There are 2 protein chains.
Amino acid sequence: MDTTQRTEQQRSADRRRRELLEAADRVVLRDGPQASMNAIAAEAGITKPILYRHFGDKSGLYAALAKRHTDALLNSLRAALDAPADRRERVEATLDTYLAAIEARPQVYRFLMHPADGSTGADQGFDVGKHSAPLLRRMGEELAQVIEDRLDLGPSSQQLARVWGHGIVGMMHAAGDWWLGERPCSRDELVKSLADLLWGRLAAAGDKVGGPGF
Amino acid sequence: MDTTQRTEQQRSADRRRRELLEAADRVVLRDGPQASMNAIAAEAGITKPILYRHFGDKSGLYAALAKRHTDALLNSLRAALDAPADRRERVEATLDTYLAAIEARPQVYRFLMHPADGSTGADQGFDVGKHSAPLLRRMGEELAQVIEDRLDLGPSSQQLARVWGHGIVGMMHAAGDWWLGERPCSRDELVKSLADLLWGRLAAAGDKVGGPGF
DNA sequence: ATAATGTGTTACTAGCGGTAACCCAAGTCT
DNA sequence: AGACTTGGGTTACCGCTAGTAACACATTAT
C-alpha cells in the first residue's frame with residue numbers, strides 16, 4: 001500500500017503550503033491587500049504556477065490566508081467572551097481585545113476586511129451579501145451563539161441573538177475602523193463609550209435644552 | 001468677455017458629465033463594482049480617453065458616481081432623523097429607511113460599500129482608515145452631528161456622539177448586510193430588534209437559568 | 001533501462017487601467 | 001481668403017495583472 005507514501009507526500013505538501021502562506025503573509029503585510037501573485041511567489045522564492053497548484057486561484061490563497069488570522073482573532077475573542085466576570089466586564093474585554101488586535105496589526109486587519117474582489121470573468125451571479133468580509137460574518141455568528149447561550153431573551157431568542165450578534169460586531173468594526181483612522185481618543189475611552197451605547201445610554205439621555213424644533 | 005462662452009461650454013461639459021455618469025450607473029448596476037472603464041465607455045457610446053478627461057481616473061469616476069447615490073440616501077436619512085416624533089420612532093424610521101434603500105437596490109448598495117481598490121502603482125502609504133466606504137463615514141459623521149445637537153450627553157459629548165454615530169451606523173450596516181443575504185426575518189422585525197439593542201435590552205436581559213459556568 | 005510522478009521553470013494569453021499621439025471640425029485672428 | 005488655436009474624438013500603445021500551457025529535471029517504481 002502507498003498510504004505511508006501518501007501521508008509522507010501530504011506532509012511535505014502541507015509544509016510547503018505553510019511556507020507559502022507565511023511568505024504570502026509577509027508580502028500582504030508589506031504591500032497591503034492588492035499584493036500580486038508575482039510578488040508573493042517571488043517572496044516565497046518560487047514562481048507563480050506553484051502558487052496556483054496549491055491554492056487554485058488568488059481568492060483561494062487569500063481565503064487560506066484569511067482563515068489563519070481569523071481563527072487566531074476568534075480564539076482571542078472567545079477567551080475574552082468566556083472570562084469569569086460580569087457581563088459589562090466581559091463586553092468591555094471583548095471590545096478591547098478586538099481593538100487591540102486591529103491596532104497592533106492594521107495591515108492584517110485591512111486585508112481581512114477587504115478580501116477578494118477577484119473573479120475576473122463574468123460575475124453576473126452577483127450574490128449580494130456573500131461579498132462581505134467573512135471575518136465579520138464569523139464574528140457575528142459566534143457572538144450570536146454566545147448571546148443565545150447565555151442570555152434569557154424570551155421567545156424568538158435565536159433570531160434576536162443573531163441580529164444582535166451581527167449588529168454588535170458591525171458596531172465594533174465600524175467604530176474601530178474610524179478610530180484607527182482618526183485616533184480621536186484612547187482605546188479605553190472608546191471601549192467605555194461603546195459599552196455605554198450598548199448599555200442603553202442613548203435611550204436614557206435627556207433631550208438637549210433649547211434644542212431645535214420643539 | 002468670454003464669461004458667457006465659458007458658462008456655455010461648462011454647461012455642455014456638465015451635460016456630458018451627467019450622461020456619462022448615467023451610463024456608468026447602468027453598467028455598474030449590471031456588472032457590479034468591478035465594471036471596467038471600457039465597458040462604461042462603450043455603454044456611453046464613446047471611448048476611454050474621454051472618460052479619463054472627465055474624471056481623471058477610475059476612482060474619480062467612482063467617487064462622482066458614489067456621491068450621487070450617497071447624497072440621495074443621506075437626504076432620505078436626514079428626513080427620517082428630523083421627523084417630528086419621539087426618539088424611538090425616529091430611530092426606527094431611520095433604520096427602516098436605510099434598510100429599505102439597500103433592499104430596493106442591492107447592487108447600488110454593494111457598489112457604494114466596495115469602492116475603489118484602485119491606485120495601481122506603489123500604494124505603500126497605506127492609509128488605513130481612508131479605505132473604508134466613504135458612505136459609512138459620512139453617515140457616521142452626520143448621525144454624530146444629530147446626536148450631539150439633540151441629546152444632552154454631559155461633558156465630552158462631542159466625542160461620545162461621534163463614537164456613537166459611527167458605531168450605530170456600523171451596526172446598521174452590518175446587520176443590514178447580513179439580513180440582505182440571509183433574509184432571516186422581515187424588515188420590521190429587524191428594525192425592532194436593532195432598536196431594542198440600542199435601547200439597552202442587552203444589558204437588561206437576565207442570565208439564562210442553568211447556564212454554563214455560573 | 002524505462003516509464004511514471006511530482007516539482008519547477010519559461011513563455012505565453014487575455015484583459016485591465018491609463019496615456020501619447022494623432023485627427024478633425026469649428027471658430028478666430030490677420 | 002488663409003493660417004491657427006481649441007475642444008471633442010479616436011487609434012494604438014505601455015506596463016501591469018491573473019491565470020495557463022508546455023516543457024525540463026529529478027526521483028522513484030517497475
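Letters A, B, ... mirror the listed sequences (proteins, then strands); counts begin at 1. Worth knowing before you read on, the calculation uses all heavy atoms, side chains too, and leaves out hydrogens, waters and symmetry mates. What you see is a predicted model; the values in this text were computed from it and never measured.
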Starting at atom [atom1] of [X], determine the distance to atom [atom2] of [N], rounded to an integer number of angstrom.
X: B:R16; N: D:dG8; atom1: CZ; atom2: P; answer: 8 Å
X: A:R15; N: C:dG6; atom1: CZ; atom2: C1'; answer: 15 Å
X: A:K48; N: D:dA22; atom1: NZ; atom2: C1'; answer: 15 Å
X: A:F55; N: D:dG19; atom1: CZ; atom2: P; answer: 13 Å
X: A:L20; N: C:dG8; atom1: CG; atom2: C1'; answer: 13 Å
X: B:R17; N: D:dG8; atom1: CZ; atom2: C1'; answer: 17 Å
X: B:Y52; N: D:dT11; atom1: OH; atom2: P; answer: 16 Å
X: A:L61; N: D:dT17; atom1: CG; atom2: C1'; answer: 15 Å

Practice task
Would you tell me if any nitrogen or oxygen in the side chain of B:T47 comes within less than 4.0 Å of OP1 or OP2 on D:dT10?
Solution key: yes
Problem - Non-neighbouring partners of B:E148 that pass salt bridge (Lys or Arg N to Asp or Glu O under 4.0 Å), sequence neighbours left out - result: none
Looking only at side-chain atoms of [X], point me to the closest of [options].
X: B:S36; options: C:dC16, D:dG19, C:dG18; answer: C:dC16
X: A:P49; options: C:dT9, D:dT10, D:dG19; answer: C:dT9
X: B:N38; options: C:dC16, D:dT10, D:dA18; answer: C:dC16
X: A:I46; options: C:dT19, C:dT9, D:dT10; answer: C:dT9
X: A:I50; options: D:dT10, C:dG8, D:dA18; answer: C:dG8

Handout entry: Close side-chain approach of A:I147 and A:L153, heavy atoms under 4.5 Å
Key = yes
Exercise for the section: Indicate, with a heavy-atom threshold strictly under 4.0 Å, whether B:R53 touches base, sugar-phosphate, or nothing. Expected result: base
Practice task
Using a strict cut-off of less than 4.0 Å between a Lys/Arg side-chain nitrogen and an Asp/Glu carboxylate oxygen, indicate whether B:R18 and B:D25 qualify as a salt bridge.
Solution key: no
Exercise for the section: State whether the distance check finds a donor on one side and an acceptor on the other, under 3.5 Å, for side chain B:K58 versus base C:dG18. Expected result: no
Exercise for the section: Would you kindly check if the NZ (Lys) or CZ (Arg) of A:R183 is within the cone defined by 45 degrees around the ring axis of A:W179 and under 6.0 Å from the six-membered ring centre? Expected result: yes
Exercise for the section: Determine, using ring centers only, whether B:Y62 and B:F111 are less than 6.0 Å apart. Expected result: yes
